[in-house]
Amino acid sequence: SEDTSRLDGAVLIPGGESYSFFGALEHEFSRDLGAYAEVSVRYADNSTSAYEGIIGAMTMTPDNPFNPFRNDVTPGFAGRTVNVFVDPRDLPDDSVKSIQRTLRVVGGFQGRFSALGGREFNWLADFSWDRNENYSSTVRYTQYLRAAVLAGLYNPLRDMTNVPLADEETLAAARSRTKVIGHPEISAANLRLNGDLFEAWGGTARFSLGAEFRIEQQYFSQVTENGAWSTLPGAATGFADGVTETDRRAAAGYLEITVPLVGRDNARPLLHELSVSGAMRLEKYEDFRSTSPLALAVKYAPIRDLALRASFSEGFQPPTLQSLHNVGTILTDVLTDVYVDPLRPGLPNEPVTIRSAFGNPNLKPEVSESWDAGLILTPRWVPGLTLNVSYFRYDKRDVIASLSLQNIIDYFPDHYTRGPNLPTDPPGVPGPITEFNATFFNIANLLTDGWDYNLTYTRPVGKLGVLTLD
C-alpha cells in the first residue's frame, strides 16, 4: 500500500497561540473633572508548516542524466523530453514563522461644566498611541526545484518511499527564505464636546463637536535569502529586498446635531416620536485632498411599540501607506498553472514575470455611500422583547486591492502583457502572456446589500440576575 504518513500529517487548520492584557485606570478629582488611562497588549504566534503536496510538471530534457528516456540510454536511442510530477519527500515542509504584537495606550481628561443659561456640557481631551509589530519568516525548499530537475541536479524518479532528509548541502542550495518586518504606528490627539443645544418642539436638541490630529507612520522591511538553485536557468528568480519608511499627517473636525421634532409632550395620534439628525466631518490629509462626508438620519415612531428609521452616509478612505509604498516582489521565469488563458485554449502556459503587491503612488481614495432603513418593534404585551429588521445597501467605489492572476486575465486586460506568437501556435491565436502586474490598484465598484434580523428577549430571573436570549 502507498505510504501516506506525510499527507496524514499535513496541516489543514493552522494552530496558534495568543495572549492579551487590558488595564484601565480612572480617577475623579472632583464632580467636574476626572482622568483616565487605558493600556492593552496582545501577542499572537501563528507559526505553522505546510505540506507542499505533488508538484508538477517538472521537465526532464533528453540530456538529463536521470531521464529514463535520455539520449543514448541504449546505443543510438534518440532521447525524449519527459514531464513528471514530484512529491519531494526528502525536502522539509514549507514553514512560516509569524509573530504579531499590538500595543495601545490611551490617556486623557474629561469633565463637565455649565454655561449658556445653565446648560450642562461634557468635554474630553485625550491622546492615543497604537503600534502593531509584524514579523514573518517564510522558508521554502521547492521554489527552485523545477530548475534543479531541469539542470539534472535533482532526481525526481528515485524511490521516495523511505528516503531520508536531504543532506545539508542540498538543503542550503534549495532553501529560499523571506523575512518581513513591519510596524505601523498611529498617534492621535482628540478633543470632544457635547451637550444640550436648544429646546426643540419635541425635546432638547443635542450636539457633539470634535477635532482630531493624527500622525500615521509606516516602517516595512523585506529581505530574501536564496540558495544556489535560484541562479539556475529557468529558476523563478525575483527581487524582493527593500525598506520603506513613510508617514502622513491628517487633521479632522466634525459636528453632529440631533433635533427631536415630536416627543412625549407634543405627541399626536400616529405620531408618537419624530427626530432628525445630521453630521458632517471635514478631514484633510497632507497627501490627499480635503473631504467633507455627511450623514443624515431620521427616526419616526407612529406608536410607542413601533419605530421606523432610515439613514444615509458618505465615506472616504484614503489609500493606506502600505498600499502606496509597499515593497513588492518581482518573480521572473515563473512557470505556473494557477491560471487559464481563455484566448489560448489547450495551449500550455509559458514562463511569466509577476510583479506582485508593489505600492502604487497613483491610487485614488475609496469613496462610499451607505443607505439603511428598518424597524424596531418593542411590544408592550411581551415585556423584554425587541425585534430589529433592517435593509442595508453599501456602494463602494474605487476599491483598492491586489488580485489573483486569473482575475487579472478575466477582468483587467491592461494589467498583463502578451509576447509574440510561438512557432507552434495555430493561426489566429494571440501570443502567450509574458508579464502580470498584480500590484495594488483601484479595481472597480463594490455593491453590497442585504437584510439584518435580530430578536432579543430579556427577563429578570429573581436573585439569579437577568436572562437574555439573542
Side-chain angles (χ1 to χ4, degrees), residues 18-44 101-133 184-200 202-217 249-260 263-265 273 275-283 295 297 299 311 313 376 378 384 386 456 458-468 470:
S18 63
Y19 308 91
S20 61
F21 167 81
F22 175 80
L25 177 65
E26 188 168 349
H27 180 72
E28 190 173 273
F29 299 103
S30 66
R31 178 183 178 276
D32 298 327
L33 179 63
Y36 66 95
E38 296 177 0
V39 176
S40 61
V41 181
R42 185 177 184 273
Y43 171 89
R101 302 182 186 90
T102 302
L103 176 61
R104 175 174 172 79
V105 179
V106 181
F109 295 90
Q110 58 187 357
R112 68 186 73 180
F113 64 91
S114 298
L116 302 178
R119 293 193 179 95
E120 189 171 272
F121 300 90
N122 300 304
W123 62 272
L124 180 147
D126 68 19
F127 173 81
S128 63
W129 179 72
D130 295 83
R131 179 183 173 95
N132 296 318
E133 297 181 355
E185 293 183 13
I186 298 179
S187 304
N190 299 276
L191 294 173
R192 290 189 285 274
L193 176 67
N194 61 73
D196 299 340
L197 190 59
F198 60 86
E199 291 301 321
T204 304
R206 295 184 58 82
F207 79 97
S208 180
L209 179 67
E212 175 186 304
F213 178 74
R214 186 171 68 252
I215 300 176
E216 302 175 11
Q217 297 174 296
R249 289 162 176 77
Y254 63 88
L255 172 65
E256 180 179 356
I257 298 176
T258 300
V259 180
R264 183 179 58 184
D265 295 337
E273 179 185 348
S275 64
V276 295
S277 62
M280 177 171 286
R281 180 181 179 92
L282 177 62
E283 194 156 12
K299 181 180 179 182
S311 64
S313 61
I376 306 171
T378 54
T386 302
T456 303
T458 303
R459 180 173 180 174
V461 288
K463 295 181 179 181
L464 296 179
V466 178
L467 174 65
T468 300
D470 194 347

Taking side chain as C-beta onward, heavy atoms only, is [X] less than 4.5 Å from [Y]?
X: Met280; Y: Leu255; result: no
X: Ser18; Y: Arg42; result: yes
X: Phe121; Y: Phe207; result: yes
X: Arg249; Y: Phe213; result: yes
X: Tyr19; Y: Val41; result: no
X: Leu103; Y: Arg101; result: no

Which heavy atom of [X] sits nearest to which heavy atom of [Y], and what is that distance?
X: Arg112; Y: Trp123; answer: N-NE1, 3.5 Å
X: Pro260; Y: Gly203; answer: CG-C, 3.6 Å
X: Phe29; Y: Gly34; answer: CD1-CA, 4.1 Å
X: Ala252; Y: Arg281; answer: CB-NH2, 3.5 Å

Quick one: [atom1] on [X] to [atom2] on [Y], what's the gap to the nearest 0.5 Å?
X: Tyr254; Y: Leu209; atom1: OH; atom2: CG; result: 7.5 Å
X: Phe22; Y: Arg104; atom1: CZ; atom2: CZ; result: 9.0 Å
X: Asn190; Y: Asp126; atom1: CG; atom2: CG; result: 5.0 Å
X: Arg214; Y: Ser187; atom1: CZ; atom2: OG; result: 11.0 Å
X: Leu193; Y: Ser208; atom1: CG; atom2: OG; result: 8.0 Å

With sequence neighbours excluded, give me every salt bridge (charged side-chain N to carboxylate O under 4.0 Å, His left out) pair touching residues 202-211.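 Sorted pair list: Asp196-Arg206.
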
Could you tell me whether Glu256 and Arg192 have a side-chain N and a carboxylate O separated by less than 4.0 Å?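 Result for this pair is no, no salt bridge flagged.
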
[atom1] of [X]: more than 12 outside heavy atoms within 6.0 angstrom?
X: Phe109; atom1: CZ; value: no
X: Arg459; atom1: CZ; value: no
X: Arg264; atom1: CZ; value: no

Would you check if there is a donor-acceptor pair between the side chains of Glu199 and Thr204 at a distance under 3.5 Å?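 Checked: Thr204/Glu199 side chains pair up, N/O donor to acceptor below 3.5 Å.
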
